[in-house]
Amino acid sequence: MVIASIDIQNGKVVQLKQGDELILQRDNAPDLAAQFDIYGEIAVIDLDAAMNKGSNLEMIKPLLRKAECRVGGGIRTVRQAGELVSLGARKIIVGSGAFRDPAKKGAGIDGGEFAVNIPFLEEMTKKIGRQRLIVAVDARAVNTGFNEIVVDGWKTPTGLDLIKAAKAVEPYASELLFTCVEREGTMTGIDPEPVRKLREEVNCQITAAGGVSTLGEIEDMAALGCDVQLGMALYTGKINLADAFIASLNWKKCREWGYLIPVIVQTPDGQVLMTGFADKEALAETFKRGNVCFHSRTRDKLWMKGETSGSVLKLVRLRVDCDRDAVLAVAQPAGPVCHTGAWSCFSANRNYTLEYLQDIIKERLRNPAPGSYTAALDDGLVREKIMEEAKELCEAKDRGEIIWEAADLLYFTTVLASRADVTIKEILDELDRRHSKQ
C-alpha cells in the first residue's frame, strides 16, 4: 500500500527537507485528502504539535470524515488518541510519547529520560486497541550499524537503538512507521538496509518513509513486505500516486495467473457486487477514467464494466489486502452489475439499506414524477410529518405497530436529511463518533 502524507504546519500543507527547510506549501488540504483517499490511507501529521509549537486540530478534524486517515504529531496522551478516534481517525501514530519515560532512568544520552514507555503503550492499547496504534520509530544513522531513535519532530536524539526499540514496542502496535530521517525530503532514495533489518526482526506491518523518489524503490519495499509513505516525491510530481499504487502490488505472486490480480467490487455500504481480474493496464485505466476496469480473460483485452450497457462502476477508492495480491474496489454502480440483469453477481436484488432509501428519495426529488408524494414534501410538511410519526411511534403498543411507525419515521427523516443535502453516511459517521468516544 502507498500512503500519501499531509503534513500540516501553521495551518498550511507543507513539505519540509529533513524537518526544517520549507520546500513548498499549499492551502487545499480537503481537496488533497479527497484525491489521496482513492489510492490508500492518508497520514495526517501535525508538525506544530510534534514540535510543541501549537496545534492544527481544527484544520485536521474535517479531513477525518472526508478520508481514511491515520493521524500523528504530538499525540502524547491517551486522551488525545481517544478523542481523535472519536472524530474519525482510523489509526493513531505516536512517537515521542512512546520513548520518553520520566518515571525512570532510561537508556538515552547520559542515562537520561529516554526509554520505551511501556505503561503509556499499555494504556494506549487498552483505550484504542492494538490494531489502531502505529508507533513511529523515526531514526537517524549515527554510524555503521547503529540507527538512533529521534523524537520531538526529529530534533532530539534519544540514544535508543532502532532495532531494540522496535522489538520492544511491537507487542503494543499493529504497525511501525520508520522514517529514514537523514534522507527525509531529499528525494535521494531511502536507505534500504535499516528497513531490511527491521523486517527481519519484527512481524508487524512496516511503513517506510524518507527519501523515496522512484517506483523501483516502492517495488523494492513491497518485495520486503513493507508499505511506503510518500511526501516530497508526490508533491513535486516525481512520483504519480496511480503508478505508485500499481508498483506496490505483489505482481510476482500473481505470475501463475498471468500477472492478473483479483479485484473484488463492493458498494460504499459494503454490498459485494462482483469479482474480476485486472492487469497493470486495467488498473491504470481505472484511475484515469474514474470507472472500474478489468482485463477480460475470455477476450484477452481491456474491459471497462458497463461500457456497452451504461452500468458503469464509478470508482470511490481502491484498497489492497494484507498480502498485496488482491484489490478491493469500492464503487458506486450505475445500474445492475451482473450480465443476467441482477443487481449483483451474488444476489438478485439490492439489499434495502438506508443508503438505498436515500438514493430513491434523492432521485425523486431531482426528477419528480407526476403525483410523486416524495416530491410534494416541502420543508414545512416533512417536519410536520416527522413530529406526527414520532408521536405515533411513541404510542405504538405492539411489535407490528412499532415496525410500521418506525418505518414511517425513518422515511420522513431521510427526506428531511436529503432536502438538506445531509447523507446517511454523515449521520452514521456521527453515531460512530459518539460510539468511539464512549
Side-chain angles (χ1 to χ4, degrees), residues 30-31 33-34 37 61-67 86-88 265-273 290-291 306 309-317 330-338 341-344 347-437:
D31 293 338
D37 183 61
K61 284 180 181 179
L63 307 183
L64 304 184
R65 294 298 178 185
K66 185 176 285 289
S86 77
L87 291 169
V265 184
Q266 72 173 31
T267 62
D269 61 351
Q271 298 178 61
V272 177
L273 297 175
N291 294 321
S309 68
S311 295
V312 296
L313 297 167
K314 183 174 176 57
L315 178 65
V316 176
R317 63 174 63 93
V330 179
Q332 189 65 54
V337 171
C338 186
W343 162 253
S344 160
S347 174
N349 300 312
R350 180 174 180 177
N351 294 344
Y352 205 99
T353 63
L354 286 174
E355 287 88 347
Y356 184 25
L357 171 62
Q358 185 165 55
D359 286 346
I360 296 171
I361 289 171
K362 284 183 174 180
E363 177 60 28
R364 292 181 182 174
L365 292 175
R366 280 193 302 263
N367 302 298
S372 170
Y373 179 70
T374 299
L377 289 168
D378 60 23
D379 190 70
L381 182 56
V382 75
R383 291 174 188 271
E384 288 179 14
K385 293 299 296 182
I386 288 173
M387 288 188 285
E388 176 187 322
E389 299 302 337
K391 182 174 182 293
E392 291 179 359
L393 177 59
C394 290
E395 294 172 349
K397 302 299 183 184
D398 59 38
R399 187 172 180 276
E401 279 187 277
I402 291 173
I403 291 172
W404 182 273
E405 300 302 342
D408 282 345
L409 184 58
L410 283 172
Y411 162 71
F412 287 112
T413 302
T414 307
V415 173
L416 179 64
S418 300
R419 288 182 57 83
D421 200 29
V422 172
T423 67
I424 293 297
K425 182 180 184 303
E426 288 174 308
I427 296 171
L428 294 176
D429 280 348
E430 175 58 21
L431 289 171
D432 178 55
R433 186 191 71 80
R434 296 179 190 182
H435 167 76
S436 299
K437 197 169 184 177

Revision key, fill the gap. Closest heavy-atom pair, Gly341 versus Pro336, reported as atoms and distance to 0.1 Å, is O-CB, 3.4 Å
Review point. With a 4.5 Å limit on heavy-atom distance, are the side chains of Val330 and Pro268 in contact?
Key: yes
Exercise for review: Search all heavy atoms of Ala33 against all heavy atoms of Leu63 and return the closest pair with its distance.
Suggested key: CB-CD2, 4.1 Å
Study note, to complete from the structure: To the nearest 0.5 Å, atom CD1 of Ile361 lies from atom CD of Gln358 at 7.0 Å
Review point. So does Arg364 have more than 12 non-hydrogen atoms from other groups sitting under 6.0 Å from CZ?
Key: no
Practice item. State the CZ-CD distance between Arg65 and Glu430, to the nearest 0.5 angstrom. Key: 7.0 Å
Practice item. Taking side-chain hydrogen bond (donor to acceptor under 3.5 Å, both in side chains) as the test, write out the residues that go with Lys362, two or more places apart. Key: none
Review point. When you look at CZ of Arg366, are more than 12 heavy atoms from neighbouring residues, nucleotides or ligands closer to it than 6.0 Å?
Key: yes
Check your understanding: Stepwise, does the side chain to side chain contact (heavy atoms under 4.5 Å, CB included) test hold for Asp359 with Gln332?
Key -> CA-CA 11 Å; Asp359 286 346; Gln332 189 65 54; 4.2 Å; yes
Review point. Phe412 vs Tyr373 aromatic rings, parallel, tilted or perpendicular, using cut-offs 30° and 60°?
Key: perpendicular
Practice item. Could you name each residue pair satisfying salt bridge (Lys or Arg N to Asp or Glu O under 4.0 Å) that touches residues 375-386, not counting sequence neighbours? Key: Asp379-Arg383, Lys385-Glu388, Lys385-Glu389
Practice item. Mark yes when over 12 heavy atoms from residues, nucleotides or ligands other than Asp421 sit less than 6.0 Å from its CG; otherwise mark no. Key: no
Practice item. Show your working on side chain to side chain contact (heavy atoms under 4.5 Å, CB included) between Trp343 and Thr267 and close with a plain yes or no. Key: CA-CA 11 Å; Trp343 162 253; Thr267 62; 4.1 Å; yes
Check your understanding: Rounded to the nearest 0.5 Å, how far apart are CG of Leu354 and CG of Asp269?
Key -> 9.5 Å
Practice item. For Ala331, check side-chain contact (heavy atoms from CB on, under 4.5 Å) against everything at least two apart and list the hits. Key: Val265, Val292, Leu313
Review point. Stepwise, does the side chain to side chain contact (heavy atoms under 4.5 Å, CB included) test hold for Leu315 with Asn291?
Key: CA-CA 5 Å; Leu315 178 65; Asn291 294 321; over 6 Å; no
Check your understanding: Hey, what do you get for CD (Glu405) to CG (Leu409), rounding to the nearest 0.5 Å?
Key -> 9.0 Å
Practice item. Can you establish whether the number of heavy atoms outside Lys391 located under 6.0 Å from its atom NZ is more than 12? Key: no
Check your understanding: How far does CD1 of Ile360 sit from CG of Leu365, to the nearest 0.5 angstrom?
Key -> 12.0 Å
